[in-house]
Amino acid sequence: MSQSKAEIAVEKFLEFTDGEVASFFESCVHCGLCAGACPFYVSTQDPKYTPTYKLLPMVKAYKREKAPLSKIRKMFGLAPDPVTEEELLEWEPLVYDSCTMCGRCTTVCPMGIDIAGTIRKMREGYAAAGLVPEGLQRSAEFVEKTSSPMGVTLKALEAQIRHQEKETGIPIEIDKKGADYMAILSSMEIMGYPEIIGAYAKLFKKAGLTWTISSEAYEATNVGVQIGSGPLAKSIVKRVVDAAEALEVKYVISPECGHAYGAIRWAGPNLIGRQFKFDVIHIIELLDKLRREGRIPAGKKDGRKMTLHDPCQLVRRGGLLKEPRRLMDDSCSDFIEMESSGIANICCGGGGGVSANPRAEELKLAAFGQKAKQLTGIDDLEVVIVPCANCRTVFEDGLDEYELNYEVLGLGELVAATLEE
Amino acid sequence: MSFLEFVEGPLFYFSGTVFVLAGLWRIIGLIRLGRRKDISEPKGSAAAGFIRGNFRHFFPRRVFTKWMWMHILGGYAFHIGLLVVLLFAAPHVAFLSDRILAGFSWPALPRWGFIIAAEFAFAGLIVLWVRRFSNPVMRLISDWDDHIGSWLTFIVMLTGMFALQESHDILRAIHMLMVDIWLLYFPFSRLMHAFTFFLSRGHTGATYGRKGMIP
Amino acid sequence: MTPQTVFRRLQETGQAGLGFALILLCALWLTLAGSAAYANSHVRAPDNAVNSFDDPDADGPPNTQGSESRSAFWSALKQGDIATTSSSTADGKAMQTLGEQWRLFRTQYILKYSGWVLVGVVGLLMLYYLVRGPMKIKAGRSGKTIHRFSTVHRVAHWFIASVFLFLGLSGFIIMLGRPVLTPIIGREANAILTSAALQGHNLFGPLFIFGLIWMFVKFVRGNFFQMVDFKWIFKLGGLLGGHVSSKKFNFGEKAWFWLLMIVGSVMSITGLIMLFPWLFEDLRFLQASVILHGLGAVTLLAVAFGHIYIGSVGMEGSLDSMLKGEVDENWAREHHDLWYEEVTGKPASEPATKGETP
Ligand code: HEM
Ligand code: HEM
Ligand code: HEM
Ligand code: SF4
Ligand code: SF4
């Protein structure tokens, strides 16, 4: 009962240190290369933002309590000191504000250490001990009340759907049992970019597939994954799984949102402890598949000069590398890659809960500087395709901050706009 | 028993055994910590990812080489140089085949090859180590283990270099003594990265491999 | 119980000490077994500590140096022993007289005075430190920094610095071991020390050449002579007080840079000649090399001591540039005013105080 916060956190740290994480901690040779890959270090040049340094409290706990031969080290007084609450507090901004769990550091690490995955596990300790930044805590509370981190109610969603039905002239059915596909959306899309709902309607009508949106589980964003609370993440996934299985759909379509995809596609089954009775398919994956099958043939290409942002959780950590590129090639005639695009792409700076954490605003904008540099490296660029609603809001803030004038578009919208009439 | 005979004989067998047993203990301990089971539907093979991840990280990506080149060259010069010296220098081959492999032997490098490999090893290690204390990031993340590991390895190399004339037993004995100390330190330190790297690269490779990516 | 459960027990019940003991025990056992086997199988010839130079293969350890070992050749040469080597050249006779002059110069001047020169320089520096103390940043540290050297610059510097110091130390053991150390530690110990130093010196030589080229490439920019350097020379670099202006590097630094480059090149070339004496038929090259190499070493080391003094304890704030790459604005303002103005766009006459935004 009288466990201190530090003890709770350390217990979780150790629980989440399996052989994988342990091998990371054992192997890190402190070469510092990861710093050069991390947008937070590169833009601030502050050594404390070195990726491996962000893990220090967890490393210490492991080396003291769990590492093979740690008992012998202790015997000789060579084990690290116990982790204290002050230390955890000092590290809290490093763990939450300065890591988007983008995984870029892994691509330079000679030991292949997955810092992003380990930060995710480290956050479990922080969340369990209640050491979470206020802003994220607030979104979590919102989710518990309204199921959406931005407080999007069903009423608001219905209003947006009605509006899109009017725009496109295509009816959209809610809670249609037996539909093949069930779409979930991120709050950001519902509130900020509702055109995507119209785009879905248009595309799916053309492809001739049946789809629906659930009134029980329309929200894809998973705050639990962002703060690192397993139980919360599980309840959010569970809601979607229950709704999808009740509606007996074959597929759940994950929206253009990075973390949402990772949360349901890769973490989901592990969180609820069983496989789903449906498949999770990302909207880009689906569009690419339909395109290959000739069900949504491409029409006239957009002639503007465009580039593609690779959201970390979709590409590097999600596995969707070729799909968005094939769609781009079909949809625009002047597509140009940015430097280091693809698997080593630079994060927008706002993933992993950073953009939901007001305290990190300044850091986020600083980190976006790296993105801005990639963009300005392309002459006469007009449009950036950003297939992630969260990245998109970060782009809008960031482009404003750096006084850049590019149009930002979702990939689904682009595909819908260039569909053969 | 002379000092040389002591460090070449009993002390060497002692530290060699500690090296092997404690090293194995640590690696087996790591493997036995297991890996969380992943039941999400895979897109690629985890096992293939384990292997591919291991190879992928030998080769830095082109976009990073702009700022990593010095470290890459230094790291490779040191590690390859040391490996070659360790396994192919004539005195080392003679020692390994005499004391450990019961006469089994392989062709050694000619003298000039040995010397060139040693040059690379020294150049690389010096680059790595001076970088460690002249860069704010490195100063922040380095701990005593990093420094002791680098210095011990350096001293082993240095004493080996002192013995290059192969004319004085005491120089040979000092080299051998440092090797013994190095072997004793190795399994309890970060030098173990020489063996654990395949696990960390492999685990990450497997995680990403399931997703059809190799980072 | 399977081995696995034994293992887990040991680890989980906190009895890893027992495991440690187990490892120790096994190690001990294998040690005994191993050494017994070794004692039986391998009776080592009680060879003398020192091999005879004439025949390195006589009865020492197996010749692992390969067929091309020349160490005996130039070791002998380093001892000042010309007779063996000159016999291998065509005009050995002409060499003998020159050889004697060379030997005399070496022992009468270089060996005699070089040590004292270095001791003298260190003494002077200590005296200067005691009288004038370290040079402080007059306006105090501002807390704000400007970028001076990249990581590659710093690594190049420390690379050549460490190699240079090692070469200096081992070089002086080789050079002064016989006259200075032998009376103290004895012939035998000196022979061993010299052998070690010589091998070390030979191996590190090529690293110095590499470092020198690297240093040149990274540092040559900013080290060319500029008009402000005249004033600097007239004011003796402010050694005696007064203000001196300079850009990125002042004349003192430039002089050190070029000295290192020029004398360093001479050291490299003469060193190579001594490492590969068969490159030149004419023995005079070798003799000149030995002399030049010695003179160069003393010169460079003496100046390096001064450099190290200013770079570390002698001047507050200068070491930052080589450890962090960043220097305090007030340091830059006081020591490299023109560079400061160029980089920050602010006049160097106003101290940069804390909290001011650049
Ligand atoms: C006998 C074997 C080995 C020894 C003695 C050894 C020794 C060392 C030492 C002393 C360092 C620290 C250098 C520094 O101060 O930065 C180092 C760094 C490193 N080692 Fe090893 N190592 C060995 C094998 C390996 C192997 C097999 C790998 C990988 C496949 C490896 C990969 C690295 C990497 C990536 C670094 C850090 C990056 C760097 O500083 O270059 N090492 N090693
Ligand atoms: C650049 C680095 C090194 C150089 C130049 C070097 C050089 C030498 C030389 C010249 C000898 C023969 C000594 C003699 O017969 O008198 C020797 C022996 C030996 N070296 Fe090294 N060495 C180096 C690194 C290492 C390392 C890293 C290890 C081990 C981890 C090692 C282990 C040994 C062993 C076990 C012997 C046999 C000693 C004996 O026979 O008593 N050396 N080395
Ligand atoms: C070990 C102690 C040493 C220390 C503390 C030291 C310190 C420094 C510092 C602080 C600087 C930068 C000065 C500035 O900001 O302008 C510097 C530059 C330099 N150092 Fe050293 N140094 C040391 C040894 C050496 C050695 C042994 C060498 C020669 C082999 C050397 C060669 C140089 C050169 C060539 C420069 C650049 C000067 C120029 O470009 O004009 N240093 N050193
Ligand atoms: S995962 Fe991304 S944000 Fe986090 S430390 Fe690595 S590079 Fe930086
Ligand atoms: S790059 Fe990898 S091995 Fe190097 S310090 Fe970072 S995490 Fe450690």
Side-chain angles (χ1 to χ4, degrees), chain A residues 16-24 26-33 35-37 41 45 47-48 50 52-53 56 66-69 72-73 76 78 103 106-114 117 265-270 273-276 279-280 315-321 339-340 343-344, chain B residues 22 25-41 43-44 53-54 56-58 60-61 63-64 67-68 71 75 128 131-132 135-143 145-146 187-188 190 192-193 196-197 199-208 210-215:
Chain A
F16 276 85
T17 308
D18 59 350
E20 178 177 18
V21 172
S23 75
F24 298 155
E26 296 282 357
S27 304
C28 175
V29 284
H30 291 170
C31 69
L33 287 178
Y41 170 75
Q45 294 289 314
K48 74 178 181 207
T50 303
T52 187
Y53 188 66
L56 199 66
K66 196 166 180 176
L69 298 180
I72 294 175
R73 282 219 198 83
F76 290 103
L78 295 177
T106 302
T107 60
V108 300
C109 174
M111 295 306 187
I113 291 168
D114 181 11
R265 172 69 176 85
W266 299 113
N270 298 306
R274 66 169 173 86
Q275 287 188 324
F276 306 151
D279 282 332
V280 175
V315 182
R316 184 162 44 238
R317 293 175 64 73
L320 301 176
L321 177 68
E339 193 189 10
S340 82
I343 198 165
Chain B
W25 179 289
R26 200 157 152 193
I27 289 180
I28 295 172
L30 267 181
I31 294 173
R32 283 183 39 85
L33 280 176
R35 183 184 158 85
R36 280 170 179 267
K37 222 176 129 205
D38 191 340
I39 54 173
S40 63
E41 173 112 348
K43 238 178 139 176
N54 257 298
R56 185 67 195 82
H57 286 273
F58 278 118
R61 290 194 157 74
V63 284
F64 296 126
W67 51 268
M68 273 168 63
H71 196 269
L128 294 181
R131 179 175 169 274
R132 201 173 269 297
N135 179 314
V137 165
M138 301 304 290
R139 288 172 78 90
L140 181 70
I141 63 177
S142 301
D143 55 20
D145 191 1
D146 295 315
F188 304 96
R190 194 166 285 120
M192 275 298 283
H193 75 275
T196 54
F197 79 92
L199 283 175
S200 73
R201 287 181 184 181
H203 275 301
T204 302
T207 304
Y208 278 80
R210 296 184 90 257
K211 303 176 179 178
M213 283 278 132
I214 294 301

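Here the structure is a predicted model, which means the values were calculated and not measured. Residue numbers begin at 1 in each chain, while the letters A, B, ... track the order of the sequences.
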* N270(A) side chain near R36(B) side chain, heavy-atom distance below 4.5 Å -> no
* Within the distance-only criterion (no hydrogens, no angle test), does the side chain of R265(A) pair as donor or acceptor with the backbone N or O of E41(B) below 3.5 angstrom? -> yes
* For T17(A), what residues pass the side-chain contact (heavy atoms from CB on, under 4.5 Å) criterion, not counting sequence neighbours? -> V21(A), A22(A), F25(A), M58(A), Y62(A), K66(A)
* **Backbone N/O of T107(A) and side chain of R56(B): donor-acceptor pair under 3.5 Å** => no
* Taking the side chain as every heavy atom from C-beta outward, state whether W67(B) and L33(A) have any pair of such atoms under 4.5 Å apart. => yes
* **Interface moiety of I27(B) toward chain A, non-hydrogen atoms closer than 4.5 Å** => neither
* To do: Taking the side chain as every heavy atom from C-beta outward, state whether T196(B) and S23(A) have any pair of such atoms under 4.5 Å apart.
  => no
* Tell me, yes or no, whether the heavy-atom count around Q45(A) atom CD, taken from other residues, nucleotides or ligands under 6.0 Å, exceeds 12. => yes
* Asked: Cation over ring, R316(A) on Y208(B), under 6.0 Å and within 45°?
  -> no
* Could you tell me which non-hydrogen atom of R190(B) sits nearest to which non-hydrogen atom of V29(A), and how far apart they are? => CD-CA, 3.7 Å
* Identify the heavy atoms of A344(A) and V63(B) that sit nearest to each other, and give their distance. => CB-CG2, 4.4 Å
* Asked: Picking from G34(B), G212(B), P136(B), which has the most non-hydrogen pairs under 4.5 angstrom with chain A?
  -> G34(B)
* What closest approach, in Å, do I39(B) and Q275(A) show between heavy atoms, and which atom pair accounts for it? -> O-NE2, 2.8 Å
* Structure fact -> N135(B) meets the side-chain hydrogen bond (donor to acceptor under 3.5 Å, both in side chains) criterion, sequence neighbours left out, with T151(C)
* Asked: Does H30(A) offer a backbone N or O that forms a donor-acceptor pair with the side chain of R132(B) under 3.5 Å?
  -> yes
* Any V137(B) side-chain heavy atom under 4.5 Å of Y53(A) side chain -> no
* Would you say M213(B) and I343(A) make side-chain contact, with heavy atoms under 4.5 Å? -> yes
